[in-house]
Amino acid sequence: MRRSLTGTMGALIAVSALTTTAWADGVDQLPPNEKKIYEVVDPQVPLGASAYKDFKPKKGPPWKIGYASSYAGNTWRAAALDAVMNDLLPRSKEAGLVSEVVVTQSDLKDAVQIQQMRQMVDDGVDAIIICCSNVTALNQTIEYAYKAGVPVFSFSGYVTSPYAINGAANHAQGGGEMATWLADKIGKKGNVLLVSGIPGFASSDSFDKAAKEALAKYPDIKIVGEVAGKWTDQVAQVEVQKFLATNPIQIDGILTQGAQENGVLNAMLQSGRDMVPITLGGEASAACYWRQNPEWVDAGFHIWPPRREMQQMWEIMLRTLEGQGPKVQSFLRPVLPFTIDDVRASIPEDCDVNSTDFVEPKADGWFPSAIADQYFERPADPWKPVAK
């Protein structure tokens, strides 16, 4: 499933705004292969040592976990929650590690998410997972949780608090990788429409910044429009349709973030225009169109695999509660390109172009135990059942 990223990475390293040449203690402790993931990174991503190296929970397992999600209105969030409730929680219960998960949704309102998190702390949760939030808005609340002995884990994005642990793909690398692929696909010239996720959110802004810097290297490519799809197919479809209807200019390619590419695809199909290359991030619906039209594109990119990202964060959380001692504040994963053969192996020939599922890496392909062990001071199997 992997292919060489050397060319793209080398090009991205030249982008000074996204390059870090020295790290704090945290990343410096990682082996060389893992350090490479951090060579091109959003400069706001915390790269220092974790505040939880010597953490011990208030009590032993089973633990009560809070999941304070900022949004529930797309298929990606539904898949991530499904991973918790129908896989990770049952397995954790069986191992005697987790007793329950308290789930809240704040509908993109920072104040609501802050209140929900504080209530979780006051109600005695042992850890909180947050999703895709503003990079600074929750910091005081995260410190409040830390002082109460409750670690906070931000997945599929990051927060800047020193008292949080972040886990995500390297979205800066992802934006550059996808943009470079699209530039090559359209012959290094033409008009590009950029479909952002939710502006102001960490992963969305990191991706867009890197993508724009990558496209800026091509003088004959112009970003002729930007719309926000809010990581939701229905929203992305409407926004792209509006843009196409009011801008008769030729579009040669569309650069979109994940969990909305099917909406972008449908907007193009309904516009009457010729189909153009669209970046793919794993939605099974758009992957199905690719399966049925194999000449359309030649690569997709795992940057936001919802179940794998949630599994990564869940296992980081278990390891931290077990006292394994995380070395870093931010656990970044490299972008994983995927091919039409991977799609064929994942979805059937009679696939559904309106599917709400995702094509994802294999369970051990995103954050395997052998790699995870290198991020902890005292690594051990996080799923080992509690002795009774």
Side-chain angles (χ1 to χ4, degrees), residues 1-15 17-20 34 36-45 47 76 80 131-132 135 154-158 166-185 192 194-199 201-217 223 229 231 236 253-261 264 277-283 286-287 297-306 308-309 312-313 330-339 342 358-361 365-367:
M1 185 174 291
R2 291 177 183 265
R3 66 174 173 82
S4 173
L5 301 180
T6 304
T8 300
M9 288 294 288
L12 282 174
I13 290 172
V15 183
L18 295 171
T19 300
T20 177
E34 291 304 299
K36 290 180 181 179
I37 300 169
Y38 296 79
E39 288 179 345
V40 177
V41 67
D42 186 319
Q44 289 192 88
V45 173
L47 300 179
W76 188 95
C131 179
C132 323
V135 297
S154 176
F155 99 102
S156 196
Y158 68 90
N166 305 293
N170 186 334
H171 296 112
Q173 180 198 343
E177 175 94 352
M178 275 189 164
T180 300
W181 171 84
L182 184 63
D184 289 340
K185 189 66 179 175
V192 169
L194 175 63
V195 187
S196 300
I198 301 178
F201 279 44
S203 54
S204 180
D205 290 353
S206 292
F207 181 97
D208 284 354
K209 182 177 181 180
K212 289 177 181 178
E213 300 238 10
L215 289 180
K217 296 180 297 181
I223 298 176
W231 295 321
I254 301 179
L255 178 58
T256 181
Q257 297 181 22
Q260 59 190 24
E261 62 256 32
V264 175
I278 299 171
T279 53
L280 300 182
E283 282 193 318
V297 295
D298 56 19
F301 301 84
H302 289 307
I303 303 178
W304 307 273
R308 299 298 168 251
E309 283 201 279
Q312 175 195 0
M313 195 76 266
S330 299
F331 291 68
L332 299 186
R333 303 313 305 143
V335 175
L336 295 182
F338 62 93
T339 68
D342 296 316
F358 286 80
V359 173
E360 301 202 38
W366 184 250
F367 193 52

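These values consider heavy atoms only, across backbone and side chains, with no hydrogens, waters or symmetry-generated copies.
Nearest heavy atom pair, residue Pro305 against residue Pro361, reads CB-CD, 3.6 Å. Among all heavy-atom pairs drawn from Gly197 and Ser204, the shortest one is N-OG, 3.2 Å. Closest approach of Pro43 and Lys209 over heavy atoms only: CG-NZ, 4.0 Å.
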### Task
For Val359 and Asp342, run side chain to side chain contact (heavy atoms under 4.5 Å, CB included): C-alpha distance rounded to whole Å, both residues' side-chain angles, the deciding distance at 0.1 Å, then the answer.
CA-CA 9 Å; Val359 173; Asp342 296 316; 5.7 Å; no

### Query
Going through the distances and angles, do Val195 and Leu255 end up as a side chain to side chain contact (heavy atoms under 4.5 Å, CB included)?
CA-CA 6 Å; Val195 187; Leu255 178 58; over 6 Å; no

### Message
Go through it in stages, so that I can follow the logic: the residues are Leu280 and Val297, the test is side chain to side chain contact (heavy atoms under 4.5 Å, CB included), and I'd like the CA-CA distance, side-chain angles, deciding distance and then a yes or no.
### Response
CA-CA 9 Å; Leu280 300 182; Val297 295; 3.9 Å; yes

### Query
Should His302 and Val335 be marked as a side chain to side chain contact (heavy atoms under 4.5 Å, CB included) after you check the CA-CA gap, both sets of side-chain angles, and the distance that decides it?
CA-CA 6 Å; His302 289 307; Val335 175; over 6 Å; no

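Taking the side chain as every heavy atom from C-beta outward, Trp76 and Gln260 never approach each other to under 4.5 Å. Looking at heavy atoms from C-beta onward, Glu177 lies in side-chain contact with Pro337 at the 4.5 angstrom threshold. Proximity of Leu182 to Val192: side-chain heavy atoms (C-beta onward) are separated by under 4.5 Å at one or more points. The shortest distance between side-chain heavy atoms of Phe155 and Gln312 does not fall below 4.5 Å.
For Glu309, the side-chain hydrogen bond (donor to acceptor under 3.5 Å, both in side chains) criterion is met by Ser156, not counting sequence neighbours. Residues forming a side-chain hydrogen bond (donor to acceptor under 3.5 Å, both in side chains) with Ser330 (at least two apart in sequence, or on another chain): Asn166. Qualifying side-chain hydrogen bond (donor to acceptor under 3.5 Å, both in side chains) partners for Ser203, counting only residues two or more places apart in sequence or in other chains: none. Shown here are the side-chain hydrogen bond (donor to acceptor under 3.5 Å, both in side chains) partners of Glu34, two or more places apart in sequence or in another chain: Arg333, Tyr375. For Ala169, the side-chain contact (heavy atoms from CB on, under 4.5 Å) criterion is met by His171, Ile303, Trp366, not counting sequence neighbours. For Asp184, the salt bridge (Lys or Arg N to Asp or Glu O under 4.0 Å) criterion is met by no residue, not counting sequence neighbours.
A distance of 10.0 Å separates CZ in Phe367 from CG in Leu332, rounded to the nearest 0.5 Å. The line from CG of Leu215 to CD1 of Ile223 is 5.0 Å long, rounded to the nearest 0.5 Å. Once rounded to the nearest 0.5 Å, the distance linking CH2 of Trp231 with CZ of Phe201 reads 6.5 Å. Remark: Lys212 NZ to Leu194 CG distance equals 6.0 Å, nearest 0.5 Å.
Checked by atom type and distance alone, the side chain of Asn170 pairs as donor or acceptor with a backbone atom of Val40 at under 3.5 Å. A side-chain donor-acceptor contact under 3.5 Å links Glu360 to the backbone of Arg308. For Asp208 (side chain) and Ser196 (main-chain N/O), no donor-acceptor pair under 3.5 Å exists by modelled atom type. The main-chain N or O of Thr256 is never found under 3.5 Å from a side-chain atom of Glu261 such that the two would form a donor-acceptor pair.
Between Trp181 and Phe301, the ring-plane angle classifies as perpendicular under the 30° and 60° cut-offs.
Residues Tyr158 and Asp42 have side chains that bring a donor and an acceptor to within less than 3.5 angstrom of each other.
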